[in-house]
Amino acid sequence: MKILILGGTRFLGRATAQLAVEQGHDVTCAARGVSGVVPAGARFVPVDRDDPEALVPLAEEGFDAVVDVARQISHARHALAALADHVAHWSFVSTISVYADHTTPGQTVADAPVLAPAPPDVDGPMGPDHRWYGECKVSIEEMVRERMGGDRSFICRAGLIVGAEDPSDRFPYWVRRLAVGGEVLAPGHPTDRVQFVDVADLARWLLHAAGTRLAGTYDGSGPAMSRADLLAGVAAGLGVTDPFLTWVDQEFLLSHDVREWSGERALPLWVRLPETAGLMDRDVRPALDAGLTIRPLADTVWATASWLAAHPAAVRQSGLDPADEAAILRKWQAVRDR
Ligand SMILES: NC(=O)c1ccc[n+]([C@@H]2O[C@H](COP(=O)([O-])OP(=O)(O)OC[C@H]3O[C@@H](n4cnc5c(N)ncnc54)[C@H](OP(=O)(O)O)[C@@H]3O)[C@@H](O)[C@H]2O)c1
């Protein structure tokens, strides 16, 4: 296939380009080159999508498939205007942040309500909390379906993406933490649900979708599992037997300013329950039936640990530092043993 990746300089776009090259496809990546470099074997076309005409010169080349990771509505609009008539199949990487209800577990694409599209004066996510991110993705989804038609468009609503080159330091926190050993603060309850997808599995599915002209809207995530299975699986993948986990109550953590999900003092893959019980507990059977395959957790751990080892300076953005974690554990034990 002749594939155009709008992106390709980091994480998912780069993994997709890399796999496409390995599979023998003719791969072009269009980006600024600010976030990183495209994989060896892919052609890099420098473009700035803030320029509405930036992708026009690529139209005459024609492509079997486009994969777009855009977050900005105007970027997607310009890309569709320039390329839609010259491309057979369009994959848009969306997000589970398009959903309006993060409380109800077990929802599928077919039954889950989505947010309204972004208001007219919003073009992309804003501020440190990425306000309007989900709404912008809803707007882009609608544009892709409208411009490409339902039979030539594949909308992949990704869940938390993990694995090598993950810039977010969410899954990597747990890999680093369990590798260090000692008493590990495990948030919430062992049976709480967590859900994510390996970047390499998502990349493989995007290429499968392009190759088979898969059309429609799907969640792109692995099956949910318990947090106990996640932490045990991460430990096992690192060769750590019998990790020393201390489960700390949600309300205790929140009252000690331990935060959810991502960022400073946040414990990744942990969200407040029951308010967010649906976020990492979606029913992804339709995606699995449509060709998404999920590698063993140990492979994801290995890929993440190898990448961390090769990039010791990778930014640490999430989790608790060791002294903070130890202090919270001491306070928790005092409360628990009272
Ligand atoms: N990470 C997660 O857990 C998660 C979860 C759900 C959904 N998602 C979605 O999954 C996708 C992840 O994509 P990704 O990992 O490839 O990275 P990304 O962080 O979305 O990267 C954006 C890509 O677009 C390019 N880009 C940004 N501004 C540009 C501009 N003005 N002109 C041209 N290119 C531009 C960047 O390259 P340059 O900077 O080099 O130009 C980069 O390659 C996104 O769609 C995201 O919304 C992510």
Side-chain angles (χ1 to χ4, degrees), residues 4-20 27-39 42 44-55 58 66-79 82-83 90-99 102 123-125 130 132-141 144 154-173 194-203 205-206 218-222 261-263 268-269 271 279-280 282 284 287 300 304 307 315 317-318:
L4 173 62
I5 296 179
L6 300 175
T9 54
R10 68 187 232 152
F11 201 33
L12 176 62
R14 204 177 121 78
T16 308
Q18 169 97 51
L19 184 61
V27 184
T28 299
C29 298
R32 294 166 305 178
V34 169
S35 302
V37 294
V38 304
F44 174 58
V45 177
V47 298
D48 186 340
R49 297 175 71 179
D50 288 347
D51 171 2
E53 304 294 314
L55 293 168
L58 284 170
V66 158
V67 176
D68 189 11
V69 298
R71 294 161 197 252
Q72 257 177 263
I73 298 170
S74 59
H75 287 183
R77 185 186 305 115
H78 301 151
L83 300 169
W90 195 286
S91 295
F92 172 57
V93 181
S94 187
T95 168
I96 56 167
S97 297
V98 298
Y99 291 116
H102 291 302
D123 188 42
H130 308 285
W132 304 114
Y133 171 58
E135 289 86 347
C136 288
K137 289 285 197 179
V138 171
S139 298
I140 300 174
E141 287 189 3
V144 171
F154 171 56
I155 309 291
C156 172
R157 292 175 177 161
L160 179 67
I161 308 173
V162 304
E165 302 191 9
D166 178 357
S168 77
D169 196 29
R170 289 176 285 196
F171 192 85
Y173 171 76
V194 297
Q195 193 166 36
F196 50 87
V197 63
D198 189 302
V199 66
D201 290 333
L202 206 49
W205 193 38
L206 288 168
Y218 293 86
D219 287 330
S221 200
W261 193 243
S262 179
L269 286 142
V271 288
L279 184 71
M280 290 193 285
R282 302 192 57 78
V284 294
T300 303
T304 308
W307 175 69
V315 182
Q317 318 186 44
S318 293

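Counting starts at 1 for both ligands and their atoms, following the listed order.
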If you measure every N/O of R14 against every N/O of ligand 1, is any gap under 3.5 Å? no
Between D68 (side chain only) and A70 (backbone N and O only), is there a donor and an acceptor less than 3.5 Å apart? yes
So which atom in V93 and which in K137 form the shortest heavy-atom distance, rounded to 0.1 Å? O-NZ, 2.8 Å
Under a heavy-atom criterion of less than 4.0 Å, does Y133 contact ligand 1? yes
Nearest non-hydrogen contact to atom 18 (P) of ligand 1 from the set R71, H75, K137 belongs to R71
Ranked by distance from atom 12 (C) of ligand 1, the top protein heavy atom is L12 CB, 4.0 Å
Distance-only N or O hit between ligand 1 and G36, under 3.5 Å: no
Under the 3.5 angstrom rule, does the side chain of D48 hit a backbone N or O of R32 as a donor-acceptor pair? no
How far is atom 11 (C) of ligand 1 from its nearest protein heavy atom, and which residue and atom name does that atom have? V93 CG1, 3.7 Å
Which of the atoms in ligand 1, numbered in the order shown and given with their element, are less than 4.0 Å from a heavy-atom of G8? 43 (O)
Can you list the residues that meet the salt bridge (charged side-chain N to carboxylate O under 4.0 Å, His left out) rule with R77, with sequence neighbours excluded? none
Can you confirm whether L55 sits close enough to H78 that some side-chain heavy atom of one is under 4.5 Å from a side-chain heavy atom of the other? no
Out of curiosity, is Q72 lining ligand 1, as in a heavy atom under 4.0 Å away? no
Any N or O on G33 sitting closer than 3.5 Å to an N or O of ligand 1? yes
Taking side-chain hydrogen bond (donor to acceptor under 3.5 Å, both in side chains) as the cut-off, I'd like each qualifying pair that reaches into residues 5-18, sequence neighbours left out, listed once. R14-E165, Q18-E22
Atoms of ligand 1, numbered as shown, that sit under 4.0 Å from any heavy atom of T9: 36 (C), 37 (O), 38 (P), 40 (O), 42 (C), 43 (O)
Looking only at heavy atoms, which two atoms of L269 and F196 are closest? And how far apart? CD2-CD2, 3.9 Å
Contact between ligand 1 and R170 is defined here as a heavy atom of the residue under 4.0 Å from a ligand atom; is it met? yes
Specify the protein heavy atom at minimum distance from atom 34 (N) of ligand 1: its residue, its atom name, and the distance to 0.1 Å. A31 CA, 3.6 Å
Return the orientation label for the W205 and F154 ring planes: parallel under 30°, perpendicular over 60°, tilted otherwise. perpendicular
Starting from atom 32 (N) of ligand 1, locate the nearest protein heavy atom and write down its residue, its atom name and how far away it is, to 0.1 Å. R49 N, 2.8 Å
What protein heavy atom lies closest to atom 22 (C) of ligand 1? Include the residue and the distance to one decimal. V69 CG2, 3.9 Å
Relative to the heavy atoms of A158, which atoms of ligand 1 are at a distance of less than 4.0 Å? 6 (C), 7 (C)
Below 4.5 Å, heavy atoms only, C-beta onward: do L202 and C156 meet side chain to side chain? yes
I'd like to check which ligand 1 atoms, numbered from 1 as shown, lie under 4.0 Å from a non-hydrogen atom of D48. 30 (C), 31 (N), 32 (N)
Under 3.5 Å: N/O of S35 near N/O of ligand 1: yes
of all protein heavy atoms, closest to atom 5 (C) of ligand 1 is G159 O, 3.1 Å
Check whether any N or O atom of G13, backbone or side chain, sits under 3.5 Å from an N or O atom of ligand 1, and answer yes or no. yes
Do T304 and D166 touch side chain to side chain, with heavy atoms closer than 4.5 Å? no
Between V284 and Q195, is there a side-chain heavy-atom distance shorter than 4.5 Å? yes
heavy-atom search around atom 26 (N) of ligand 1 in the protein gives R32 NH2, 4.2 Å
Using a 6.0 Å distance limit plus a 45 degree cone around the ring axis, check whether R282 lies over the aromatic ring of Y99. yes
Looking only at N/O atoms, are A30 and ligand 1 under 3.5 Å apart anywhere? no
Using a 3.5 Å cut-off on N or O atoms only, is V34 in polar contact with ligand 1? yes
I96 side chain reached by L279 side chain, heavy atoms, under 4.5 Å: yes
Are any of the side-chain heavy atoms of F11 and V199 separated by less than 4.5 Å? yes
I'd like to know if G220 contacts ligand 1, where contact means a heavy-atom distance under 4.0 Å to any ligand atom. no
Looking only at protein heavy atoms, what sits closest to atom 4 (C) of ligand 1 is I161 CD1, 3.5 Å
For L160, take its heavy atoms, then give the atoms of ligand 1 lying under 4.0 Å from any of them. 3 (O)
